[in-house]
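Below you'll find the structure, written out as structure tokens, and then a few comments.
So that the names make sense, note that chain A is the first sequence line, chain B the second, and so on, each numbered from 1.
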Number of protein chains: 2
Amino acid sequence: MITQEQRVRIRRQLAEVGLRATPQRLLILAILEETDEHLDAEAIYERARQWDAQISLATVYRALAKLKEAGLVAQRYFARDHRREYYEAVSKGEHYHFTCLGCGKVIEVRTPRIAQARQELSEALGLEFTHACICFEGYCPECAAKRRRGTLESRAVPRFTVGNGVTIDD
Amino acid sequence: MITQEQRVRIRRQLAEVGLRATPQRLLILAILEETDEHLDAEAIYERARQWDAQISLATVYRALAKLKEAGLVAQRYFARDHRREYYEAVSKGEHYHFTCLGCGKVIEVRTPRIAQARQELSEALGLEFTHACICFEGYCPECAAKRRRGTLESRAVPRFTVGNGVTIDD
DNA sequence: CTGTAATTGCGAATCATTCGCATCTACGTG
DNA sequence: CACGTAGATGCGAATGATTCGCAATTACAG
């Protein structure tokens, strides 16, 4: 699953940020790199266990904390459950997430307005932005239509398995 | 502390949204109305206890949940601690919060860009926004300067007693 | 090859929030 | 204005994601 070149590259990335290249960290980074989803610690742990049956959940949490600190992974929060942290490899361009409350689908949206707001606020107030947490919620076109027709299962308690809020680090 | 007119007005507001006007709810709403801060359940509980020594923390949580559902209070998340929920009375105009990582100060910022982004995304993708969670972090002008000079106490673990992320409901 | 500081695994601890349940109470109705 | 009942409350216990303590390992500079 982890290719040789990937292993080498990740080792270098870790060295660059001054982190020891432990097999657990290599594994976690590889897992985050090969998925499009936003995984929480538990999900990462489950996947990691398939390659390293001994890995512990605490290690996953600690590795993620270090990797986040080093800027290799980004932590995300999901709109409806801010207690659960999700992670993704830092690589995709700046984007935000819109979660449909009807079907749970997550739509990635892109807009320059947020960066613009930061720029303007920065200039106007002298603020130095380092971090932002942005997430949207509502209904996708299909669910919005259903809702207007009254055929949307209310309180379907959607399971947000994929997306969550987006946190942008500079 | 709770004026007669306030009491009457809150009663009406509660009736309008179909909630029973219990003394606990009146108290909690009054507390949220008379402060500029963003309080978490514990803080609200502490204040409420001064007027109703018997009130329970669980009641505070349940009341806040109902009031939020009814649109009378808004729930906020703070950037550095998304596990703790803060609340404020719904009244102030749309604004966002910027938290200084140096001194912990919270600056309310206003910008039309977020609404603009929602509008544009709504038109372009047919999304129906109902909710957004926005919060910024960084350094205020003073702390930014100190940081450049290297005189900013690093990792001062600022206590964010006042502000937190902003959640906007329609 | 060695010494050592960083890291791991394990289970226990945190701690904000939620729940279960028995007891009250707000408020529409008669 | 007393009643009945759905809805609220208080209490303590439960949840559940994340963090901690500590002894055992291990990455990696010298």
Side-chain angles (χ1 to χ4, degrees), chain A residues 7-8 10-29 38-46 48-49 51-70 73 75-78 80-87 157 159-160 164-165, chain B residues 7-8 10-29 38-46 48-49 51-70 75-78 80-87 157 160 164-165:
Chain A
R7 191 183 299 277
V8 171
I10 293 180
R11 283 196 112 84
R12 191 177 52 245
Q13 292 182 323
L14 288 171
E16 275 168 11
V17 296
L19 289 182
R20 284 193 187 177
T22 67
Q24 293 88 344
R25 287 171 184 174
L26 291 193
L27 181 52
I28 290 168
L29 268 178
H38 294 163
L39 306 175
D40 63 12
E42 189 74 31
I44 294 169
Y45 173 60
E46 290 306 336
R49 252 138 82 83
W51 275 271
D52 174 358
Q54 295 316 117
I55 196 170
S56 106
L57 184 54
T59 295
V60 172
Y61 274 105
R62 283 183 292 223
L64 289 170
K66 285 287 189 190
L67 295 171
K68 176 179 59 166
E69 200 181 309
V73 307
Q75 191 183 55
R76 307 275 127 109
Y77 288 101
F78 174 70
R80 278 298 185 211
D81 182 5
H82 276 246
R83 286 200 238 147
R84 185 178 237 112
E85 298 167 356
Y86 292 82
Y87 297 85
V157 186
R159 294 307 308 258
F160 306 102
N164 46 67
Chain B
R7 191 183 298 277
V8 171
I10 293 180
R11 284 195 112 85
R12 190 176 52 244
Q13 291 181 324
L14 287 171
E16 275 169 10
V17 296
L19 289 182
R20 283 193 189 176
T22 67
Q24 293 87 345
R25 288 172 183 172
L26 290 192
L27 182 52
I28 290 169
L29 269 178
H38 294 163
L39 305 176
D40 63 13
E42 189 74 32
I44 294 168
Y45 173 59
E46 290 306 336
R49 252 139 81 84
W51 306 95
D52 174 358
Q54 294 316 117
I55 196 171
S56 107
L57 184 53
T59 294
V60 172
Y61 275 106
R62 283 183 290 224
L64 288 170
K66 284 289 188 188
L67 295 171
K68 176 180 60 166
E69 201 180 311
Q75 189 182 57
R76 307 275 126 109
Y77 288 100
F78 174 71
R80 280 298 184 210
D81 183 3
H82 276 247
R83 285 197 242 150
R84 185 177 236 110
E85 299 168 355
Y86 292 83
Y87 296 85
V157 185
F160 306 102
N164 46 67

Using a heavy-atom cut-off of 4.0 Å across all strands, would you classify [X] as base, sugar-phosphate, or nothing?
X: Ala65(A); answer: nothing
X: Glu85(A); answer: sugar-phosphate
X: Arg25(B); answer: sugar-phosphate
X: Ala21(A); answer: sugar-phosphate

Discussion item. Are the side chains of Leu27(A) and Gln24(A) in contact, using a 4.5 Å heavy-atom criterion?
Written reply: no
Can you tell which of [options] lies closest to the side chain of [X]?
X: Thr22(A); options: dT18(D), dG9(C), dA27(D); value: dA27(D)
X: Tyr61(B); options: dT17(C), dC27(C), dC21(C); value: dT17(C)
X: Ser56(B); options: dA26(C), dA17(D), dC11(D); value: dC11(D)
X: Pro23(B); options: dG9(C), dA26(C), dT17(C); value: dA26(C)

Fill in: Intermediate values then yes/no, side-chain contact (heavy atoms from CB on, under 4.5 Å), His38(A) and Tyr87(A)
CA-CA 6 Å; His38(A) 294 163; Tyr87(A) 297 85; over 6 Å; no
Discussion item. Using a 3.5 Å distance criterion without hydrogens, assess whether the side chain of Arg7(A) forms a donor-acceptor pair with backbone atoms of Leu26(A).
Written reply: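 The answer is no, because no donor-acceptor pair under 3.5 Å joins these two groups.
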Worksheet item: Got a donor-acceptor pair under 3.5 Å from the side chain of Arg20(A) to the base of dA6(C)?
Response: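 When only heavy-atom distances are counted, Arg20(A) does reach the base of dA6(C) through a donor-acceptor pair under 3.5 Å.
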Worksheet item: Quick one: does Arg83(A) reach the base of dA16(C) with a side-chain donor-acceptor pair under 3.5 Å?
Response: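 Not at all, since no donor on one side and acceptor on the other fall under 3.5 Å apart.
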Practice prompt. Write down the distance between CG (Leu27(B)) and P (dA8(D)), rounded to a whole number of angstrom.
Written response: 17 Å
Discussion item. Using whole Å, what does the distance between atom P of nucleotide dA8(D) and atom CG of Leu64(B) come to?
Written reply: 14 Å
Worksheet item: If you find the nucleotide of DNA chain C closest to Ala41(B) and the one closest to Leu19(B), which residue's nucleotide is nearer the 5' end?
Response: Ala41(B)
